[in-house]
Amino acid sequence: MKPPLLLIGHGTHDETGVAEFGRFVHRLRCRLDGLPAEVSGGFITNARPQLGQSIASLVARGHHHLVALPLSLTGDRRALGDIPGTMALEQERHPTLEYDLGRPLGPDPRVLKLLAERLADARAEMPRFVADEPPAEITPGETAVVLVGHGSTDPAVNAEVHRVSRLFWETHAADLLTVETAYVSHTRPGVPGGLERCRRLGAKRVIVLPYVLFAGAVLERIWAQALAYGANHEGLDIRCAEVIGDCEGLADVVIDRYEEALAGAGHSPAPVTVPTVTRPAAAVSGRPSVVGPVAVPAIGTAGPDVAVIETLDADALDVEAFDAEVLSPEAFDAEVFGTESFDPEAFDADGFDPEAFDPDAFDGESFEAEAFDGRTEAAAETDTMIGATGHAEAVTEIRGGSPDGPLAQPGVASAV
């Protein structure tokens, strides 16, 4: 038997919303009875059954693992309540309780399809007129939609509703003038603001489309604001669509979220690590190693064109293969590579070990003595740090004539 499904609803004092929530829970019980899986539901605050009572009932029937699913179109934790905190409190009351939390229902393509059905019903409803003359026909290009969400103090949640409006316009209402976004509370624009924008864009008919699951106090507030605006704008045809409501299409989305949570439980992907393969250099007897260990990132599979140099073996170096004309000092441009930066006096004879030098592996004919810079290791480190080819003169020049002054940075005026 699969884990039970626990639906978490908004806390509300409205009896209509509570009744429709209960009908939807019953619909899911009938749908999931063949899996088999139990279905329960509860509210965090302001309504019954409370969430804690539903969980206690499931645990009493022997269920210690369940799927908790927020019955919400957005991920607004401030409006729905602190679900993780509430579930943590229930786990303290029931130490054996485990749960998987499903994600909200929207925006889902099937939710957008349900909104399109509610919009089609509102467009097909003929308005009632007292006048004898038939009303003028209003084209789709003169019809606009105001998609109304709950509204939140979280900008990210409000941005989700804006995203739904854009998706709905491009996928199900491309022939209409526009689809604007409005909110019942907490942020702007409100319902009157959305209607006014549509009127100024040239709409002759505006359909208010609630982005709400169930009927109740929220839907009544949307309709009241729309009717109040329409009372002051008699030339504008304003219609109000129904909420998504208890239907099979909404049940399909909930069941998919349930299956999705079950599939994700216990199958979290392992963390991806990028190891580093280190190949140590092979020691050459009687000869110092020229190249140390080489670290090769082990990302994917190395291809045949990837060459790895482990150790430079002087015996394997064929000096006859080098072209002396290419390596000739005459090929160097003196203006680019100046010989003034080579200081033969800086060569440390004491630091050079002639016994470690192998004359058999070195071709004296291809070696230009004038181009050899025998600087000490300390001098080479100085060149690396200052980024220049000179030594004491270069340091003095970079520091603006003061050996102890600060180093100048590229693009920054020196303070010295």
Going by the side-chain contact (heavy atoms from CB on, under 4.5 Å) test, name the single residue among Thr153, Asp76, Val157, Asn158 that passes it with His186. Thr153
Would you mind telling me which of Leu69, Ile83, Val67 makes a side-chain contact (heavy atoms from CB on, under 4.5 Å) with Leu101? Ile83
Would you check, one step at a time, whether the test side-chain contact (heavy atoms from CB on, under 4.5 Å) holds for Arg205 with Arg123? CA-CA 10 Å; Arg205 173 179 296 160; Arg123 292 179 65 179; 5.8 Å; no
Worked check of salt bridge (Lys or Arg N to Asp or Glu O under 4.0 Å) between Lys113 and Glu117: CA-CA 6 Å; Lys113 183 179 179 181; Glu117 293 176 0; 5.1 Å; no
Please examine the side chains of [Y] and [X], heavy atoms only from C-beta on, and report whether any two atoms are closer than 4.5 Å.
X	Y	result
Leu73	Val164	no
Leu250	Leu105	yes
His64	Val59	yes
Val254	Phe24	yes
Leu209	Val179	no
Trp169	Leu147	no
Ser54	Leu6	yes
Leu119	His172	no

Where [X] and [Y] come nearest, the two heavy atoms and their spacing:
X	Y	value
Tyr183	His162	OH-CD2, 3.0 Å
Ala226	Val208	CB-CG2, 4.0 Å
Val146	Ala182	CG1-CB, 3.7 Å
Leu219	Ala241	CD1-O, 4.4 Å
Val191	Ile222	CG1-O, 4.3 Å
Thr187	Gly151	CG2-CA, 4.2 Å

Calculate, to the nearest 0.5 Å, the distance between atoms [atom1] and [atom2] belonging to [X] and [Y] respectively.
X	Y	atom1	atom2	answer
Cys247	Glu242	SG	CD	12.0 Å
Glu142	Asp237	CD	CG	11.5 Å
Glu220	Cys240	CD	SG	12.5 Å
Asp108	Asp252	CG	CG	10.0 Å
Ile55	Ile8	CD1	CD1	7.0 Å
Asn232	Leu227	CG	CG	11.5 Å

Determine whether Arg110 and Leu114 satisfy the following criterion, side-chain contact (heavy atoms from CB on, under 4.5 Å), listing intermediate values before the conclusion. CA-CA 6 Å; Arg110 289 162 295 186; Leu114 292 174; 5.7 Å; no
May I ask you to say whether Arg163 pairs ionically with Glu160, meaning some side-chain N is under 4.0 Å from a carboxylate O? no
For [X] and [Y], indicate whether the former's side chain and the latter's backbone hold a donor-acceptor pair under 3.5 Å.
X	Y	answer
Glu20	Asp246	yes
Arg29	Val39	yes
Arg118	Ile244	yes

Should we count [atom1] of [X] as having more than 12 external heavy atoms under 6.0 Å?
X	atom1	result
Glu234	CD	no
Arg200	CZ	no
His233	NE2	yes
Glu15	CD	no

Residue pair Tyr258, Leu28: steps toward the side-chain contact (heavy atoms from CB on, under 4.5 Å) verdict: CA-CA 11 Å; Tyr258 169 73; Leu28 285 173; over 6 Å; no
Pair Phe168 and Tyr211, ring centroids less than 6.0 Å apart: no
Let's go through Leu66 and Leu97 carefully: what are the C-alpha distance in whole Å and the side-chain angles of both, what is the deciding distance for side-chain contact (heavy atoms from CB on, under 4.5 Å) to 0.1 Å, and is it a yes or a no? CA-CA 8 Å; Leu66 54 87; Leu97 178 64; 3.7 Å; yes
Report the relative orientation of the aromatic rings in Phe21 and Phe43; use parallel for angles under 30°, tilted for 30 to 60°, perpendicular for over 60°. tilted
Pairing donors with acceptors under 3.5 angstrom, does anything connect the side chains of Asp100 and His65? yes
